[in-house]
2 protein chains.
Amino acid sequence: MKMKVKIKNKKEVSPERLSKRIKISPKNRNGLERLLKCQAKRGLKYSKKRAAIIEYFIKADRHYTVEQLYNEIKEIVPNIGYSTIYRTLRLLVDCGMARTHHFGETDTRFELVHKEQHHDHLVCEKCGRIIEFTNNGIEKFQNAVAKEHNFLVKNRELQIFGVCKRCQQRKR
Amino acid sequence: MKMKVKIKNKKEVSPERLSKRIKISPKNRNGLERLLKCQAKRGLKYSKKRAAIIEYFIKADRHYTVEQLYNEIKEIVPNIGYSTIYRTLRLLVDCGMARTHHFGETDTRFELVHKEQHHDHLVCEKCGRIIEFTNNGIEKFQNAVAKEHNFLVKNRELQIFGVCKRCQQRKR
DNA sequence: ATTAATAATGAAAATGAAAGTCAAGATCAA
DNA sequence: TTGATCTTGACTTTCATTTTCATTATTAAT
Ligand SMILES: [Mn+2]
Ligand SMILES: [Mn+2]
Ligand SMILES: [Zn+2]
Ligand SMILES: [Zn+2]
């Protein structure tokens with residue numbers, strides 16, 4: 001006879017359990033655990049729709065506007081509401097699993113936080129393409145500037161706006 | 001008897017003439033001329049209120065939200081409307097005399113373009129202070145990155161968010 | 001100075017992204 | 001299965017910004 005195991009301080013769904021529901025690659029594991037901690041701390045329950053959004057967002061791994069994500073998600077989860085997308089993305093940001101950007105547009109863009117290093121963006125003004133890059137030289141000089149001003153750095157954001165290679169070629 | 005001089009292709013108010021109305025320091029002269037060209041091209045007329053806003057904005061030389069500028073301008077020009085501030089700032093941006101920033105707030109900030117060199121900002125998250133800096137090392141590496149990607153740079157924006165010296169001291 | 005053409009203005013309405021509300025449905029520990 | 005609590009979508013609200021429009025100001029030609 002199988003005994004029912006009683007777990008005392010649960011509230012916290014195990015990563016294994018949620019992983020069965022949210023299919024996720026190993027590299028996003030730490031992000032997922034962060035999310036679970038966050039959910040637990042807030043007493044949030046599991047939800048299919050939220051899980052679907054998160055799973056999709058993680059797999060796609062792009063710089064999404066709410067509108068874009070909404071349009072893609074609704075193909076998978078019909079009846080999904082705009083609010084749920086907004087709420088879920090806000091949750092991810094609060095948990096540190098996502099971050100926001102403003103690439104010169106009105107809409108906020110959301111991107112998954114899973115890369116080890118800080119990275120910045122080249123933003124093509126013609127086609128909207130976003131190219132990520134990391135540059136230690138830039139980082140170093142940024143830190144030097146901060147130190148000069150006795151400024152305690154919490155975060156930084158660098159965007160280089162212009163025309164991508166492809167769009168330059170297409171022009172002529 | 002004084003002859004009336006007829007100017008053929010006017011439409012374009014001379015900088016001298018507008019300068020008499022908009023009191024401006026020499027260093028903002030090129031900006032002013034750009035504005036006049038811009039006004040002329042669009043067939044805009046002179047306006048006291050617009051001139052007052054521009055003059056104030058140039059003299060104050062800060063990173064303004066529309067609300068801030070509105071509140072300060074209305075002391076000088078009562079009855080001024082919000083729309084006029086919005087419209088004038090938009091004009092300045094279109095003429096290349098002002099540029100916008102988003103320092104992690106909802107409101108857009110406007111700043112005068114008159115400095116020779118591109119500059120970036122340290123933004124204090126505690127007190128809102130904005131510290132400008134220029135760093136050639138950063139610029140150099142940014143250009144290197146762009147070149148690597150065959151990216152044609154039009155503009156760039158770097159913000160370093162954190163806590164300024166003063167706010168760090170105040171904390172303890 | 002008068003005039004006619006047209007730009008500028010402020011008040012109010014419209015827009016659009018983002019957040020809040022709430023009744024009905026979903027989740028979960030017991 | 002139940003009761004407590006969370007989640008959801010439709011709707012409303014908020015707030016920055018833009019647009020509209022009737023009135024006023026500017027300009028160049030008389
Ligand atoms: Mn990115
Ligand atoms: Mn500045
Ligand atoms: Zn492109
Ligand atoms: Zn400060």
Side-chain angles (χ1 to χ4, degrees), chain A residues 4-14 17-18 21 38-54 64-71 73-74 77-94 100-110, chain B residues 4-14 17-18 21 36 38-54 64-71 73-74 77-91 93-94 100-110:
Chain A
K4 255 193 180 168
V5 180
K6 284 220 173 187
I7 302 160
K8 274 290 143 60
N9 41 349
K10 51 222 134 16
K11 268 268 179 195
E12 193 165 322
V13 185
S14 75
R17 179 160 169 206
L18 189 49
R21 309 206 200 183
C38 206
Q39 282 200 177
K41 198 180 302 169
R42 295 164 187 232
L44 305 188
K45 293 182 176 166
Y46 169 85
S47 125
K48 282 179 202 164
K49 296 186 175 178
R50 188 160 60 206
I53 296 169
I54 294 172
Y64 272 106
T65 62
V66 171
E67 192 187 5
Q68 279 178 346
L69 190 53
Y70 170 76
N71 285 326
I73 289 285
K74 79 171 177 214
V77 188
N79 293 58
I80 195 91
Y82 247 94
S83 315
T84 306
I85 309 287
Y86 270 108
R87 276 188 287 242
T88 303
L89 285 175
R90 223 189 307 158
L91 174 67
L92 291 185
V93 170
D94 291 350
T100 60
H101 293 290
H102 289 92
F103 293 148
E105 308 150 311
T106 58
D107 291 26
T108 304
R109 284 188 182 269
F110 295 80
Chain B
K4 254 191 180 165
V5 180
K6 283 220 174 188
I7 302 160
K8 274 289 144 58
N9 41 350
K10 49 223 135 17
K11 265 271 181 195
E12 193 165 322
V13 184
S14 76
R17 180 160 166 207
L18 188 50
R21 309 203 200 184
L36 293 172
C38 207
Q39 280 200 176
K41 199 181 301 171
R42 295 163 186 233
L44 305 188
K45 293 181 178 170
Y46 169 84
S47 124
K48 282 179 202 166
K49 295 186 176 177
R50 189 161 59 205
I53 295 168
I54 294 173
Y64 271 107
T65 63
V66 171
E67 192 187 5
Q68 280 178 344
L69 190 55
Y70 170 77
N71 285 326
I73 289 284
K74 77 170 178 214
V77 188
N79 291 59
I80 193 92
Y82 246 94
S83 316
T84 305
I85 309 287
Y86 270 107
R87 276 190 285 243
T88 303
L89 285 175
R90 222 188 312 159
L91 173 66
V93 170
D94 292 349
T100 61
H101 293 290
H102 289 92
F103 293 147
E105 308 151 310
T106 58
D107 291 26
T108 304
R109 283 187 182 270
F110 295 80

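Note that these values count all heavy atoms, side chains included, but never hydrogens, waters or copies made by symmetry. Labels below follow one simple rule: chain letters A, B, ... track the order of the sequence lines, proteins then strands, and each chain is numbered from 1.
At the phosphate of C/dA19, neither OP1 nor OP2 sits under 4.0 Å from any side-chain N or O atom of A/Tyr86. A sub-4.0 Å separation between OP1 or OP2 of D/dC15 and a side-chain N or O of B/Thr106 is absent. A sub-4.0 Å separation between OP1 or OP2 of C/dG20 and a side-chain N or O of A/Arg90 is present. OP1 or OP2 of C/dA8 has at least one side-chain nitrogen or oxygen of B/Arg50 nearer than 4.0 Å.
Separating the OG1 atom in B/Thr88 from the CD1 atom in B/Ile54 is a distance of 6.0 Å, to the nearest 0.5 Å.
The distance from atom OH of A/Tyr64 to atom P of C/dA17 is 18 Å, rounded to the nearest whole Å. Atom OH of B/Tyr46 and atom P of C/dT6 are 23 Å apart (whole Å). Computed from coordinates, the A/Leu44 CG to D/dC6 P distance equals 8 Å when rounded to whole Å. Between the CD atom of A/Glu105 and the P atom of D/dA16 there is a distance of 21 Å, given to the nearest Å. For the pair A/Ile85 CD1 and C/dA19 P, the interatomic distance rounds to 14 Å; values are reported in whole Å. Taking atom OH of A/Tyr70 as the reference point, atom P of C/dG16 lies 17 Å away to the nearest angstrom. What separates NZ of A/Lys49 from C1' of D/dC6 is a distance of 14 Å, to the nearest Å. We find that CZ of A/Arg87 is positioned 11 Å from C1' of D/dC6, with the value rounded to whole Å.
Remark: side-chain polar atoms of B/Arg42 are not paired, donor with acceptor, to backbone N or O of B/Leu91 under 3.5 angstrom.
In the set D/dC6, C/dA17, C/dA5, the nucleotide with an atom closest to the side chain of A/Lys45 is D/dC6.
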- prompt: Could you walk me through whether A/Gln68 and A/Asp107 pass the side-chain contact (heavy atoms from CB on, under 4.5 Å) check?
  reply: CA-CA 10 Å; A/Gln68 279 178 346; A/Asp107 291 26; over 6 Å; no
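Under the ring-ring contact (aromatic ring centres under 6.0 Å, His included) criterion, A/Tyr70 pairs with A/Tyr82, not counting sequence neighbours. Take B/His101 and apply the ring-ring contact (aromatic ring centres under 6.0 Å, His included) test, not counting sequence neighbours, and it matches B/Phe103, B/His121.
Nucleotides of DNA chain C nearest to B/Arg42 and B/Gly81 differ in position, and the one nearer the 5' end is that of B/Arg42. Two residues, B/Lys48 and B/Phe110, neighbour DNA chain D, and the one matched to the more 5' nucleotide by heavy-atom proximity is B/Phe110.
If you check distances only, the side chain of A/Ser83 does reach the base of D/dA10 with a donor-acceptor pair under 3.5 Å.
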